[in-house]
Each structure stands twice: as structure tokens, then as C-alpha cells.
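Chain letters run A, B, ... following the sequence lines, proteins first, then strands; residues in each count from 1. We use all heavy atoms of the structure for the numbers below, so side chains are in, but hydrogens, waters and symmetry mates are not.
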Amino acid sequence: MIDIRQAFSLALGSIGSAKMRSALTMLGIIIGVAAVVANVSIGVSFNQFFTDELDTLGSNFIIIYSQDVNIFYDSELELIRNTPGVEGASAFNQQMAEVSYLSGTKQIDVQGVSSDAQQISNLEVEVGNFFTDKDKYTAVLGQEVADGKFDQEVAVKNYLDITFRRQDGTTVTQKFRVKGILTGEDNAFVSGGPDRDATIYIPVATINELLNVTDYGGFSANTEDSESVQAVSDEIDKRLARQLGVSARDLDNADAKPYRIFNQAEIIERLDQLADSLTILITIIATVALLVGSIGIMNIMLVTVAERTREIGLLKSLGYTRKDILILFMLESVILGIIGGILGALIGLVGSFIVETYIDIPRVFPLSLIFLGIAISFVVGLVAGIYPASRAAKLDPVEALRHG
Amino acid sequence: MMVIRLYEGNSQLNDDTVMDVVIDIQNIRKSYLLGDMEVPILHGINLLVKKGEFVAIMGPSGSGKSTLMNMIGCLDRPTDGNVMLMGKDTRSISDNDLAELRGFEIGFVFQNFNLIPRLSAYENVLLPTYSNSKVNLDNEERARDLLETVGLGDRLDHKPTELSGGQRQRVAIARSLINDPSLILADEPTGNLDTKTSTEVMDIFSSLHKGGCTIVMITHDPEMEKYADRVVHIRDGYIENN
């Protein structure tokens, strides 16, 4: 039985004697493993990014909105507030309004919300305070509205003039006192909702009074814990549908309802599905690369066996058994694979680091990925080596010695 | 029982004990299949090599001497007949055991040296021990000593390409001795060397022989006969004199 340490050094020597060829052979494995490692790493990082993003949008939130008017009133808000499991609820209405500060006038998204919205949507105030339900002509500004929209920075206690358009075509202008300014944040990637930094928040009762309406565009609510979000959301959906006269058999038919409802859990689930399908796609590509890589190793090992036929004959004459020869060539194949795997894992690591930095998502790299990469390349090397090595082992010593 | 068969096959063995016999070839035949034609190469050959002998097997090309060497070296098995190596019946042992027997009992020296180009002289000498190693030998010390003995004590780390033909063959001889085998089997060891180097190499064989080594050498060069105790002529698969 061959001494395994010596076999290792013999195999390494053989690989090292044809460096260019060995490097080219490894390329397939390197690409395959790098693809797997980078893909998984970026996937994990995206997941982290989405989770972080959703956390900034609020915790355990449920959003209900309607494209139609005259659907939601205070009674629906009460219904949501009274649904078991709901911690807070806010109605909202919105309009792109003309906002004037000093000599400047801009079109800015004005959101009417109730004070609960601060906690539901995780609106962090940097300067000043959020408005209470008692406040009337009071506004809280997004960071960008405060320091980027107008020629001069808007500070707390300054006044803005906001001009709304009513449904009958008339306009109404009202002076608002700035009570707070929100903490700036990275652009919400997954919110689908308004850009908070570019929004002005005012009390919903005020916007309704100015617009001369009593209905709302929608509601936001949250629950105490994340486990109950889906269940509470379903319960609100059921109650709202009944209240709004949706027939019982249409309860599961979203199109039959005059509103849409979604929650944090659903968004996470949908993002996970998106991530999963991306992962499947790249895994298929990586598998093809690894397959090509293993064919490359098998090919070069067959060439090696053919080139070293006489050497194999010599080893047999020196007393090496079939098993010894098998081990030697399997080792060579596995080493080729593993070196490729290590390089691939490193390239994948660096690649995912660069990509994650470039698209500005958290850099998460599970160290187990390196072991995954090496394990994959070990298996590839092993499988690719079986046929060439067994061919070498089976060579007839007399024939082999006579070769070339 | 083995003794009886030996006496039957080889009458000259009368005065010797079985332990003194290194190789005992008993009536071996070998034929190869060429298509569906059976081509006989060896026709019932008997050969006995005793411990300490230097036997030259001579014959023109095509005489079957290489085939005979493969039989002696246990690289191939006869179609019929038996090869006894150090008293062991090679018919009944597995390929693995046969490989091990080669590793321990036979030291090969080839015409084209068969050194591994990637390895140094020292590593080439050690190569057999990676698979079969005698526990009572310090391989690394022995490898250095053997290279010293063949005059390459200062060439340990040289690769074969950095050595002359004669030096390469001397590395090969050192390699053949590393496991202290019972038999050195040399196949045209001077076939690729010029006259001067040939003499140097043959002098090494001579001194090994004087030191008690058993040597079987295949050659077609009549010049080499003078080094051997005994010359066996083979022609068309038959031994002409023995």
C-alpha cells in the first residue's frame, strides 16, 4: 500500500510539472465554484438588505389602500383599530401639492396621516417632534424637503404655504408650521411607496378638512409581533370585505374587493420567491460550469495517463499495485479539483464583495461557503478522476513499459 | 513437495539446498493472441538461477528473450508452466501479491533507464519504497549510500535531464538496490550507452556480483558475455544451451 504522504507529493509534483496545463484545466472548476460562492453570498446579502429595508419601513405593518374614492371612512378605521391583534392604525390621504417657502414653490407629495403612523411606519424624527392628534396646521418634513428642495433650508418652527386642489377644481392655501424633520435614509428600495425623504406629513384630519372630503385613501396598521401579521391581516381583510358588502363567496377573490391589502410578511415571502428563482437560475449555470470543469479534468487526466503510460509501467515493475496507481491518479485529479475550488471560492468571495459594494448592499459572507466550494470541487475532482485513474491502474505492465 | 518438483525439473540442483535458488523457471510456454491466431513465443523453457550467480541471457531480437525477462520479472504470467521466485509459486498468488513480490525481491534495470524526469536522482532511488518498504532498512540513508556507491554522491538533487546517460543508468541501478532485492534483472542495461560508459556500468554490475548480488542480464551484445558466470542462449523461443 502506497504511503499516502509520498503519493500526495508525487501527485503534486506531477501537477506542478505542467503548470500552464493544470491552470487551464482548473479554469472550469474555478468559474463554477466562483459562480456558486458569489451567487450564494450575494443572495444572502440581498436577503439581509431586504430585511433591513423592511425594518426601516416599519415593523409588522399592514397596508390597505383603494384606488377608488368614497370607500374608506372613519368607520373602517375603527373596524381596523378594533380588530384583535392590531397595535395601532392610521388613515392616510395624499396629494401632490404646491408648497411655497420664502420665494420658492415646488410640487411635493403631501401625506395626511394620524399620529399612529409614526410608530407604524417607523418615522424617525431627527429635529423637533412628530405631530399629535391635537395638532392641526402642523407639518413634519422629510430630510430632503427640509434641506434640498428650496433655496434655503427649512427649519423647525418655520412656516410653509401648501396649496391643495379640491375635487371641484378650486384651490385652498394654508400656512403650516414645521414641527419636526425626519431622519434622512437611503432610498427605500422595496417600499413601492412614497419616498419619505421627499414627503411632507400633516395630520390626516387637516388634509381632509382642506380637501373638503371625509373618505380616506387607505390605512396602515401594525401588530405587536411579527408572527401574527398574516393572521391579523387576513382578519382585517375578512371584516373589511364584509363591511363593504363583498359577498361571502368572493372573500378569496382579490379582484372582487374595492381595495388592496398587503403586509410585511407577504413582501418578505415575495422577495424570497424572487431570490429563490434567481438562485435556481444561477445554480443551473454553475452546475453547467462545474460539469464542463469536471469534463476538463477528466480529459486532462486521460491525457496525463496516456503520456505517462511508461511511467505507470515502471511503477508497476517497481512493485506498485493497481490500488497504488489508482490512488496516485485519483489524488492528482482531486488535488486539481480542490486547488480550483479554493481559487474559485476566493474569486467568488472577492467578486461578491465587489458586487455588494458596488450596488451598496450589506456584505455578508458566510465562511461555510468556502467549505461548500471546496467540498463541491472535491466531489468534482473525485468523479472526474475515477475513469482515467482506473484506466491507469488497469494498464498491463509489459505493454505499458514498451509504450513510446 | 516443492523440493521434489525442483529435483525433477532441474537435475543439476542435487548438491544445493532450496534456499539457494532465486529463480526456478519450470517448463514455461508463452503465446500471444494475434487476432485469432495463437503465436507461440516461448516453447517450454527451463532455467534455474542460484543465489550469487550472474547469468546473461543472450539472443537476437525476436528470440523471445524480452518475453522471458517479463516472466522472470513476474511482470507477466506464462501461458503454461511455472515460475518459482525465492521458493514462492507465482501461479497461485494474486496480482497484488505479485506486485509486492516484485517490489521486494526484484530490482529492475532498463535499457532506457526509466527515471521519472520530475524527480531528483535521490527521489528516483526512493521511489520503490513509497509503495513497498522493508521495515529494517533506513530508506533515506540507504538511498544516499547507494548513490554514493555508484559514484553519484554529489548528484543527489540533480534531475535526470541534468545527468549523462551513464549517470542515469547508475541512478537506475541504485534504485534497483533500494529494497535489497534477491535478484537484479537488467534488460539491455548498456543498450543506450557508448562503449566507455557501458564499461563503467558493467563494472558496477561486476562489483555488485562480487558483493554477492544475483544478477540476470538480458543482452544481445556478445561483449557483455565476459561479465557473466554463465551465458544462456535463446533462439526462436528455445534455450540452446543451459
Might you work through the side-chain contact (heavy atoms from CB on, under 4.5 Å) test for B:Arg175 and A:Leu314, ending with a clear yes or no? CA-CA 12 Å; B:Arg175 179 181 65 194; A:Leu314 168 77; 3.5 Å; yes
For [X], is it the side chain, the backbone, both or neither that has a heavy atom under 4.5 Å from a heavy atom of chain B?
X: A:Ile4; result: neither
X: A:Arg308; result: side chain
X: A:Ser14; result: both

Chain A heavy atoms under 4.5 Å from [X]: which part of the residue, side chain, backbone, both or neither?
X: B:Asp95; value: side chain
X: B:Asn132; value: side chain
X: B:Asn70; value: side chain
X: B:Phe110; value: side chain

Derivation of the side-chain contact (heavy atoms from CB on, under 4.5 Å) call for B:Leu127 and A:Tyr320: CA-CA 10 Å; B:Leu127 191 60; A:Tyr320 284 55; 3.4 Å; yes
Just wondering, are more than 12 heavy atoms of other shown residues or ligands nearer than 6.0 Å to [atom1] in [X]?
X: B:Phe104; atom1: CZ; result: yes
X: A:Arg21; atom1: CZ; result: yes
X: B:Asp36; atom1: CG; result: no
X: B:Tyr32; atom1: OH; result: yes

Among the options [options], pick out the one with the most heavy-atom pairs lying under 4.5 Å from chain A.
options: B:Ser131, B:Pro128, B:Gly73; value: B:Ser131
options: B:Arg118, B:Arg102, B:Glu105; value: B:Arg118
options: B:Asn179, B:Ile106, B:Ile116, B:Leu119; value: B:Ile116

How long is the straight-line distance from [atom2] of [Y] back to [atom1] of [X], given to the nearest 0.5 Å?
X: A:Lys316; Y: B:Cys74; atom1: NZ; atom2: SG; answer: 14.5 Å
X: B:Phe108; Y: A:Leu401; atom1: CZ; atom2: CG; answer: 8.0 Å
X: A:Ile2; Y: B:Ser133; atom1: CD1; atom2: OG; answer: 12.0 Å
X: B:Ser66; Y: A:Arg402; atom1: OG; atom2: CZ; answer: 7.5 Å

Any residue meeting side chain to side chain contact (heavy atoms under 4.5 Å, CB included) with A:Ala11, in chain and number order, not counting sequence neighbours: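 For A:Ala11 the side chain to side chain contact (heavy atoms under 4.5 Å, CB included) partners, ignoring immediate neighbours, are A:Leu331, A:Glu332, A:Ile335.
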Heavy-atom donor-acceptor pair, A:Arg310 side chain to B:Asn114 backbone, under 3.5 Å: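 Pair absent, no side-chain N/O of A:Arg310 close to backbone of B:Asn114.
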Answer whether the closest heavy-atom distance between the side chains of B:Met71 and A:Val398 falls below 4.5 Å.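 They are not in side-chain contact.
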